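Below, chain A is the first sequence line, B the second, and so on; all start at residue 1. The shown structure was predicted, so the numbers you read here are calculated from the model rather than taken from an experiment.
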Protein chains: 2
Amino acid sequence: MHNLLINKLEQFTKLSPEDKQVLADVARGRVWVRGAREDIIQEGDKPTCVNLILKGWACRYKMLPDGRRQIIAFFVPGDLCDLHVFVLRAMDHSIGALTPITFAEISRETLRNIMSDHPRITEALWWDALVTVAIQREWTVNLGQRSAFERLGHLLCELFLRLRAVGLTQGNACEFPVTQTELADATGLTTVHVNRTLQELRGEGLIELHGKHLIIPDLEALETASVFNLNYLHGDHEGSALDARNGEIGSAGQRSRGA
Amino acid sequence: MHNLLINKLEQFTKLSPEDKQVLADVARGRVWVRGAREDIIQEGDKPTCVNLILKGWACRYKMLPDGRRQIIAFFVPGDLCDLHVFVLRAMDHSIGALTPITFAEISRETLRNIMSDHPRITEALWWDALVTVAIQREWTVNLGQRSAFERLGHLLCELFLRLRAVGLTQGNACEFPVTQTELADATGLTTVHVNRTLQELRGEGLIELHGKHLIIPDLEALETASVFNLNYLHGDHEGSALDARNGEIGSAGQRSRGA
DNA sequence: CGTCAAGTTGAAACAGGTCAAATACCGTGG
DNA sequence: CCACGGTATTTGACCTGTTTCAACTTGACG
């Protein structure tokens with residue numbers, strides 16, 4: 001369950017058994033559920049807690065007054081929503097459940113205590129927060145420069161790798177409970193065009209996507225087709241040797257970046 | 001010069017004279033210059049310092065292997081590049097000068113000292129960092145949902161307001177040393193289309209842009225036309241009453257966000 | 001086995017891209 | 001002070017990726 005977060009953080013650093021216990025306890029606090037499509041936090045709210053997603057998918061999104069919606073980020077199990085959130089007065093966006101969801105609230109005090117007593121965890125949480133904004137930057141590139149085909153492929157690569165980092169993949173497969181409408185709102189495309197583009201991706205044998213199940217037969221091929229470079233996920237740290245979950249190792253060329 | 005940063009931070013909180021002195025001293029350290037188009041930091045580099053832009057404009061950008069470039073963020077005087085940068089091993093993007101530029105390096109130790117001795121400054125720097133990522137989120141919305149016309153208008157609003165926050169506007173005018181090619185790389189459009197769209201904006205009387213000089217005759221009109229909502233700049237804090245620089249006050253409806 | 005959301009299809013329209021050339025601008029050196 | 005060369009802006013004609021609209025099919029679930 002909540003060792004998903006531990007899995008993820010260990011990409012970056014090795015945690016002591018005590019560290020792990022602390023993280024495991026975090027998720028024992030106030031735990032909540034929401035149904036699909038319900039909001040967890042709304043734009044304008046004063047943020048009160050950091051939320052740790054235990055189960056289900058959520059997203060950060062923003063609405064324009066005329067009804068356009070942009071999904072700004074996806075949250076998968078093991079993700080933290082807004083580590084930093086206490087400084088700002090009001091949320092400038094909403095967070096909503098995409099599927100039925102379970103999450104744990106982490107209070108300000110709990111977080112403060114962890115941060116003052118457990119430097120390894122603290123550093124790892126920072127790393128996680130920084131990767132989150134690196135992802136946001138990559139989304140900017142995705143929306144600004146990539147074609148519909150590349151854009152969707154890129155998003156699928158990213159989510160697959162993130163799921164793999166927490167241990168939620170089985171070989172080259174994973175659950176993928178996102179509708180085409182939601183993919184459209186995340187990629188800035190139309191539902192119709194997402195549909196056609198997914199068909200193209202299927203046609204080229206790059207993905208298999210039925211129902212809520214995704215298979216990426218050849219991840220490297222999909223990465224290439226999507227102009228994907230995993231640099232931005234910053235998984236290349238101390239712990240990353242342990243990252244060979246499911247017998248696979250990060251694929252694209254993250255070592256070769258000369259001076 | 002470097003009281004630009006002070007101006008900006010005072011949007012958020014009131015700083016003591018001592019705080020201000022500390023910030024003023026920061027920019028006395030190692031100061032560098034770069035010519036237009038030179039890089040300050042390159043993708044793959046190990047980041048070593050936080051940079052404070054003193055003069056000139058810069059940008060964060062990412063290249064795709066085939067030459068496509070996305071500008072991910074603009075930096076104007078008073079902006080800090082990457083407060084947080086020490087945790088990650090390698091830059092996943094580059095920072096380049098758009099104009100000839102002057103910037104001050106702030107070392108890890110200096111920063112650490114400030115953070116341990118000056119809680120007001122620390123909090124204000126946090127606020128600044130969080131606003132930076134809020135801007136990144138808004139860019140996602142901009143690229144994903146807005147038309148070319150809205151997109152450019154939105155960008156101009158944002159930059160104008162950011163310049164105003166540091167005191168670099170004169171009434172409804174400001175310097176705007178960005179080429180159409182750079183605007184294109186920031187908005188995910190073509191140079192050609194940026195050119196035509198700017199003409200449209202001029203045609204509607206929403207902007208005047210010649211050479212390196214921008215005038216926004218009616219900011220509120222431009223905001224409306226661009227579906228701009230200044231929430232995301234989070235300027236509505238303690239110090240914001242002092243924000244009436246140049247006799248103007250923030251315009252759009254940031255108060256009205258009902259429960 | 002009905003109902004509602006999600007996915008799929010087709011045809012037509014349009015926003016924005018492409019290519020290529022012309023013009024304006026600006027700093028530099030003579 | 002002017003001519004020069006390179007960069008930035010502007011224009012025109014044409015092309016295409018993506019949107020729009022509207023209907024139809026499939027699938028999940030009670």
Starting at CG of Leu183(B) and ending at P of dG17(C), how long is that distance when rounded to a whole Å?
-> 14 Å
Could you list by number each residue of residues 139-149 of chain A showing a heavy-atom separation from DNA chain D of less than 4.0 Å, or answer none if no residue does?
-> Ser147(A), Ala148(A)
Given Val33(A), Ile40(A), Val31(A), Leu52(A), the one that forms side chain to side chain contact (heavy atoms under 4.5 Å, CB included) with Phe103(A) | Ile40(A)
After noting the C-alpha distance and the side-chain angles of Asn51(B) and Ile41(B), does the key distance pass the side chain to side chain contact (heavy atoms under 4.5 Å, CB included) rule?
-> CA-CA 10 Å; Asn51(B) 295 315; Ile41(B) 310 176; 3.8 Å; yes
Could you tell me the separation between the NE2 atom of His210(B) and the P atom of dC26(C), rounded to a whole number of Å?
-> 12 Å
Show me, pair by pair, the donor-acceptor contacts under 3.5 angstrom made by side chains of residues 64-75 of chain B, not counting sequence neighbours?
from, atom 1, to, atom 2, distance (Å)
Asp66(B), OD1, Arg68(B), N, 3.3
Asp66(B), OD1, Arg68(B), NE, 3.2
Asp66(B), OD2, Arg68(B), NE, 3.0
Asp66(B), OD2, Arg68(B), NH2, 2.9
Arg68(B), NH1, Gln145(A), O, 2.9
Arg68(B), NH1, Glu150(A), OE1, 2.9
Arg68(B), NH2, Glu150(A), OE2, 3.0
Arg69(B), NE, Asp185(B), OD2, 2.9
Arg69(B), NH2, Asp185(B), OD2, 3.2
Gln70(B), OE1, Gln145(A), NE2, 2.9
Gln70(B), NE2, Asp185(B), O, 3.2
Gln70(B), NE2, Ala186(B), O, 3.0

Let me have a per-nucleotide readout for nucleotides 4-13 of chain C, 5' to 3', with B, S or -, counting only protein heavy atoms under 4.0 Å.
-> --SSBBBB--
Does Arg202(A) CZ have over 12 foreign heavy atoms under 6.0 Å away?
-> yes
Across all chains, not counting sequence neighbours, the side chain to side chain contact (heavy atoms under 4.5 Å, CB included) partners of Asn142(A) are Arg146(A), Arg151(A), His154(A)
How far does the helix from dC1(C)-dG30(D) to dG30(C)-dC1(D) bend, going by the axes of its first and last five pairs, to the nearest 10°?
-> 50°
Between dG17(D) (C1') and His193(A) (NE2): distance, integer Å | 6 Å
Does any N or O in the side chain of Lys8(B) come within less than 3.5 Å of the main-chain N or O of Gly78(B), such that one atom is a donor and the other an acceptor?
-> yes
Run the salt-bridge test on Arg34(A) and Asp39(A) with the 4.0 Å N-O cut-off and return the result as yes or no.
-> no
For atom CZ of Arg151(A) and atom C1' of dT19(D), their distance in whole Å = 13 Å
Pairs satisfying ring pair (Phe, Tyr, Trp, His ring centres under 6.0 Å), at least one member in residues 173-219 of chain B, at least two apart | Trp57(B)-Phe176(B)
Gap between atom CG of Asp128(B) and atom CG of Asp79(B) - 0.5 Å precision | 7.0 Å
To the nearest 0.5 angstrom, please state how far the CD1 atom of Ile53(B) sits from the CG atom of Leu5(B).
-> 11.5 Å
